[in-house]
Amino acid sequence: FASQAMRWREEGVTREQALARLDERSYGDPVERKNLELVLRMVFGRYGNSWTVESAGNVIRSDCETGR
């Protein structure tokens, strides 16, 4: 999802538009939306300034694997 969100950012999608896209998704667990929103906030925040589509996915994956 982080890579997808980074792609949105590179395409010029605003943070608000990305959050609206989250609202269009369906979730099996309410925590899932909260976690995806946190990822969006990182991608569209300062962290995203230094990420690429590929690195965004790698960073978030690594964080998940280490339990952060």
Per-pair distances, 0.1 Å, donor-acceptor, side chain in residues 6-13, under 3.5 Å, sequence neighbours excluded:
| residue | atom | partner | partner atom | Å |
| --- | --- | --- | --- | --- |
| Arg9 | NH1 | Val43 | O | 2.5 |
| Arg9 | NH1 | Gly45 | O | 3.3 |
| Arg9 | NH2 | Asn49 | OD1 | 2.4 |

Can I get a per-line list of side-chain donor-acceptor pairs under 3.5 Å for residues 56-63, giving both atom names and the distance, sequence neighbours left out?
| residue | atom | partner | partner atom | Å |
| --- | --- | --- | --- | --- |
| Asn58 | OD1 | Arg61 | NH1 | 2.8 |
| Asn58 | ND2 | Glu54 | O | 3.4 |

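Residues Tyr27 and Phe1 are members of one and the same hydrophobic cluster, defined by side-chain heavy-atom contacts under 4.5 angstrom among Ile, Leu, Val, Met, Phe, Trp and Tyr. Residues Leu38 and Trp51 are members of separate hydrophobic clusters, defined by side-chain heavy-atom contacts under 4.5 angstrom among Ile, Leu, Val, Met, Phe, Trp and Tyr.
Note on residues 12-21: no pairs pass salt bridge (Lys or Arg N to Asp or Glu O under 4.0 Å), not counting sequence neighbours.
Asp23 CG to Arg25 CZ: the interatomic distance, rounded to the nearest 0.5 Å, is 11.5 Å.
Shown here are the salt bridge (Lys or Arg N to Asp or Glu O under 4.0 Å) partners of Glu37, two or more places apart in sequence or in another chain: Arg33, Arg41.
The shortest heavy-atom contact between Leu40 and Ala5 is CD2-CB, 3.5 Å.
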